[in-house]
Visitor: 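This is the structure I have questions about; it appears just below.
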Amino acid sequence: MTESKAMILGCSGLALTSEEKAFYRGERPWGFILFGRNISEAAQITDLVAELRDSVGWHAPVLIDQEGGRVQRIRPPILPRYPSGQALGDLYRRNPALGLRAAWVMSRLHAFDLSNLGINVDCLPVLDVPVEGSSNVIGDRAYGGDPKTVIAMGRAAGEGLKAGGLLPVMKHMPGHGRGFADSHLELPVVTVSRDELEAHDFPPFIAMKDELMSMTCHLVFTSIDPDNPATTSRKVIDGVIREHIGFGGLLLSDDSSMNALSGTIGERAANIIAGGCDIVLHCNGKMDEMLDVVANVPPLAGLSLARAKAVEAGFTAPDSADEAELRAEFEAMFVSV
């Protein structure tokens, strides 16, 4: 089989167009990601996921951001509304054992929800550690403002997904908690020392460095590389993510269509690969932009291919948890949510 290209792509709507089917068949993205524009009802989601995989001819990873709170792509009435990371963290601060259980159970419920629709990767946990005054682009998505809470809750969330047969994607490496701007709109610049970053921002990723996938952040860390955001920075990716943090898994860029990145979409894709990411993520499903991405992304090869193969081999059968029992337990934890 010809190897997939080093990219994960979105699609434009509720079903694939003939143009999209031919495009994916010819260009072979390694995986796909779904957003709100792709969501209508359960049967439609299942059909779309099947169409995506059929277009590339194998059981490709299909990702979604299903965190709970503000970032939950599939909402009622299709799936229940879940609390935010901050709400889970608040529970942890009141009762650590109950908070950890809630994080695990919620992720295990996500796994029930998503696997029933054919989706097998959830972009969770959020391991960013916000500081006071930072942009609310992370905000209540975070479990808390201290690394120990984020580590404990992040681990529980990741384990819950894996218990249900899904794989997690940690985000946003090496840390988006100090972004004082929304990276969807502009480029945040972080000016604190590397020592401060190592004490506060990097520890959650170090604690979970053995996970199979992580996503970068579009932030400039001036103490490490004043010229390039982490997503396109060799200094950050090689020196911090690979060496200091010790992450050996598949590294995805955050969305290449976000305005924190400069240049054309094609230039961004090329810079992401040149910077050391394994996979270019492009989310908006716009065909003209995807054409620019594919022109600048190579087939998976070398270490990137090995990391992708490790992900493909990393999916496991779900445990024997009882869904109804877990839902009742979770609801009892969050009666007021």
Visitor: What are the two closest heavy atoms between Val311 and Leu167, and how far apart are they?
Guide: O-CD1, 3.6 Å
Visitor: For the backbone of Ala111 and the side chain of Ser115, can you confirm whether one donor and one acceptor N or O come within less than 3.5 Å of each other?
Guide: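 The answer is yes, because a donor-acceptor pair under 3.5 Å joins these two groups.
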Visitor: For Asn116, what residues pass the side chain to side chain donor-acceptor pair (under 3.5 Å) criterion, not counting sequence neighbours?
Guide: none
Visitor: Can you find a pair of side-chain heavy atoms, one from Val190 and one from Asp201, that are under 4.5 Å apart?
Guide: no
Visitor: Is there a donor-acceptor pair closer than 3.5 Å between any side-chain N or O of Asn38 and the backbone N or O of Phe35?
Guide: yes
Visitor: In plain terms, say whether Arg327 and Asp113 are close enough for a salt bridge, that is, a side-chain N and a carboxylate O under 4.0 Å apart.
Guide: yes
Visitor: Do Arg268 side-chain atoms and Met258 backbone N/O form a donor-acceptor pair below 3.5 Å?
Guide: yes
Visitor: Check for me, please, whether Leu98 and Val105 land in the same ILVMFWY cluster - side-chain distances under 4.5 Å, paths through other members count.
Guide: yes
Visitor: Where is the tightest heavy-atom contact between Cys277 and Thr231, given as atom of each residue plus distance?
Guide: SG-O, 3.5 Å
Visitor: Under a 4.5 Å side-chain heavy-atom rule over Ile, Leu, Val, Met, Phe, Trp and Tyr, are Val236 and Leu303 clustered together?
Guide: no
Visitor: List the steps and the verdict of ring-ring contact (aromatic ring centres under 6.0 Å, His included) for Tyr82 and His110.
Guide: CA-CA 9 Å; Tyr82 291 99; His110 285 325; 4.7 Å; yes
Visitor: Using modelled atom types and a 3.5 Å cut-off, is there a donor and acceptor pairing between side-chain atoms of Arg53 and backbone atoms of Gly118?
Guide: yes
Visitor: Give the minimum heavy-atom separation between Ser256 and Val280, together with the two atoms involved.
Guide: OG-CG1, 4.0 Å
Visitor: Give the C-alpha distance, both sets of side-chain angles, the deciding distance and a yes or no for side-chain contact (heavy atoms from CB on, under 4.5 Å) between Leu219 and His176.
Guide: CA-CA 7 Å; Leu219 270 68; His176 204 305; 3.2 Å; yes
Visitor: Looking only at atom types and distance, does a side-chain atom of Glu27 sit under 3.5 Å from a main-chain N or O of Lys5, one as donor and one as acceptor?
Guide: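 No, the answer is negative, given that no donor and acceptor are paired below the 3.5 Å cut-off.
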Visitor: Considering non-hydrogen atoms only, spot the tightest contact between Ile245 and Pro174 and give its length.
Guide: CD1-CB, 3.8 Å
Visitor: Would you call the rings of Phe32 and Tyr24 parallel, tilted or perpendicular if under 30° counts as parallel and over 60° as perpendicular?
Guide: perpendicular
Visitor: Minimum heavy-atom separation for His218 to Ala260, with atom names?
Guide: CB-CB, 3.6 Å
Visitor: Quick check: closest heavy atoms across Val126 and Val150, and the distance to 0.1 Å?
Guide: O-CG1, 4.2 Å
Visitor: Could you tell me whether Asp254 and Lys171 make a salt bridge, using a distance below 4.0 angstrom between a side-chain N and a carboxylate O?
Guide: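 No salt bridge links Asp254 with Lys171.
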